[in-house]
Amino acid sequence: MQQKTVFWLIWLGLITYAFVFSPPNQPDTFELIKNLSTGQWQGINPLVISLFNIMGVWPVIYSEVIFIDGRGQKIPAWPFAALSFVVGAFALLPYLALREPNTQFSGQKNTFLKLLDSRWIGVVLTIGAAILVGYGLGQGDWNNFVQQWQTSRFIHVMSLDFCLLCALFPALLGDDMVRRGLKNPQIFWLVALIPLFGPLMYLCIRPSLPEASSELLPS
């Protein structure tokens, strides 16, 4: 119960900070989002381009875990996972607050779960994230980014969202490792303490999720 309360408090704090204490919206925010979404990147700081696209990688990372975790929950996982593609941690925090510990997977994987369980998605995501991070760090203007972070609500909250997504992943990691028979504290802490690439590494190396034999399933 205490952990659930913490997640709710973080969620409320995030909403309050984003809409009350963060920098104000800029007049060109909608135009910036539209250009980022449609690939019209001329004149946009590569650090902003990189961060915006990485925020599209994170929901896929979480989906790789949440849809499997959701099999054993009273609440459906898909609404939270779907909304996370739009609002990130704002959607995932309620799921973390409502879910129960779940260290088992019952039944068999359908086609969708088999796809999410594939290591190849982790490999593709890792390559894409590495390209984005390299582009942002190599071509970006840090002084300009800091200035935008201080004056733009969109850039400011997106940066905070990225940090929260890094910090919240361990809340799901432990149960996913147990479901796969992966009992290695070193792996847990390595994944938990390396932002972005720790979870990506985990998706590349985690054992396949075991399924219940069809003979053991009720008819």
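Counting from 1, the numbers follow the sequence of the chain as shown.
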Take atom CH2 of Trp8 as the centre, draw a 6.0 Å sphere, and report whether it contains more than 12 heavy atoms from other residues, nucleotides or ligands.
-> yes
Those residues at least two apart in sequence (or on a different chain) that pass salt bridge (charged side-chain N to carboxylate O under 4.0 Å, His left out) with Arg71 are none
Aromatic rings Phe52 and Phe154: how do their planes relate, parallel, tilted or perpendicular, breaks at 30° and 60°?
-> tilted
Atom of Lys114, atom of Lys109 and distance for their closest heavy-atom approach = CE-O, 3.4 Å
Output the distance between atom NZ (Lys4) and atom CG (Leu98), rounded to the nearest 0.5 Å.
-> 6.5 Å
For the student: nearest non-hydrogen atoms of Leu165 and Ala89, plus distance = CD2-N, 3.8 Å
Go through the steps to decide whether Ile49 and Gln139 satisfy the test side chain to side chain contact (heavy atoms under 4.5 Å, CB included), and finish with yes or no.
-> CA-CA 11 Å; Ile49 297 170; Gln139 305 294 324; over 6 Å; no
Test side chain to side chain contact (heavy atoms under 4.5 Å, CB included) applied to Leu137 and Trp142, step by step = CA-CA 9 Å; Leu137 295 179; Trp142 278 102; 3.6 Å; yes
Contact check, side chains of Val191 and Arg206, non-hydrogen atoms, under 4.5 Å = no
Aromatic ring centroids of Trp11 and Phe7 under 6.0 Å?
-> no
Same cluster (ILVMFWY, side-chain, under 4.5 Å), Leu190 and Met177 = yes
Ring centroid separation Phe21 to His156 under 6.0 Å | no
Point-to-point distance, once rounded to the nearest 0.5 Å, from OG of Ser63 to CD1 of Ile68 | 10.5 Å
So if you build clusters from Ile, Leu, Val, Met, Phe, Trp, Tyr with side-chain heavy-atom gaps below 4.5 Å, do Val86 and Ile54 land together?
-> yes
Side chain to side chain, Thr126 and Met201, heavy atoms closer than 4.5 Å | no
Spatial distance of atom CD1 (Ile44) from atom CG (Leu32) [nearest 0.5 Å] | 5.0 Å
Where Pro207 and Leu182 come nearest, the two heavy atoms and their spacing | CD-CD2, 3.9 Å
Phe80 to Leu92 - nearest heavy-atom pair and separation | O-CD2, 4.2 Å
Can Phe197 be reached from Ile131 by stepping across I, L, V, M, F, W or Y side chains whose heavy atoms are under 4.5 Å apart?
-> no
Got a donor-acceptor contact below 3.5 angstrom from the Glu100 side chain to the Gln73 backbone?
-> no
Would you call the rings of Phe169 and Trp58 parallel, tilted or perpendicular if under 30° counts as parallel and over 60° as perpendicular?
-> tilted
Between CD on residue Gln147 and CG on residue Asn45, distance to nearest 0.5 Å | 10.5 Å
Is it true that a side-chain atom of Ser50 and a backbone atom of Pro46 form a donor plus acceptor pair closer than 3.5 Å?
-> no
Residues, nucleotides or ligands: over 12 heavy atoms within 6.0 Å of Phe30 CZ | no
Measure the OG-CG distance between Ser84 and Asp161 for me, rounded to the nearest 0.5 Å.
-> 9.5 Å
Verify the cluster assignment for Ile33 and Val87: are they in a single hydrophobic cluster under the rule of side-chain heavy atoms below 4.5 Å apart?
-> yes
Close side-chain approach of Leu168 and Tyr62, heavy atoms under 4.5 Å = yes
Going by heavy atoms in the side chains, are Leu209 and Leu113 under 4.5 Å from each other?
-> no
Between the main-chain N or O of Pro23 and the side-chain N or O of Arg153, is there a donor-acceptor pair closer than 3.5 Å?
-> yes
Can you tell if the side chain of Phe85 reaches within under 4.5 Å of the side chain of Val60, non-hydrogen atoms only?
-> yes
Would Met158 and Tyr17 show up in the same hydrophobic cluster when neighbours are defined by side-chain heavy atoms closer than 4.5 Å?
-> yes
Heavy atoms only: give me the nearest Trp149-Ser159 pair and the separation to one decimal.
-> CD1-OG, 3.5 Å
Can you find a pair of side-chain heavy atoms, one from Phe188 and one from Pro170, that are under 4.5 Å apart?
-> yes
Check whether more than 12 heavy atoms from other residues, nucleotides or ligands sit under 6.0 Å from atom CD of Gln104, and answer yes or no.
-> no
Could you check Gln148 against Asn144 for side-chain hydrogen bond (donor to acceptor under 3.5 Å, both in side chains), going step by step and ending with a plain yes or no?
-> CA-CA 6 Å; Gln148 291 192 70; Asn144 173 264; 2.6 Å; yes
Provide the closest heavy-atom pair for Leu47 versus Gly140 in the form atom of the first, atom of the second, distance.
-> CG-CA, 3.7 Å
In sequence, state the C-alpha distance, the side-chain angles, and the governing distance for Ile121 and Leu203, and then conclude on side chain to side chain contact (heavy atoms under 4.5 Å, CB included).
-> CA-CA 8 Å; Ile121 294 183; Leu203 296 181; 5.9 Å; no
For Tyr95 and Leu172, what are the C-alpha separation, side-chain angles and deciding distance, and is it a side chain to side chain contact (heavy atoms under 4.5 Å, CB included)?
-> CA-CA 11 Å; Tyr95 178 80; Leu172 295 166; 4.2 Å; yes
How long is the gap from CD on Gln3 to CG on Leu96, to the nearest 0.5 Å?
-> 8.0 Å
Do any N or O atoms from the side chain of Arg179 and from the backbone of Asn102 form a donor-acceptor pair under 3.5 angstrom?
-> yes
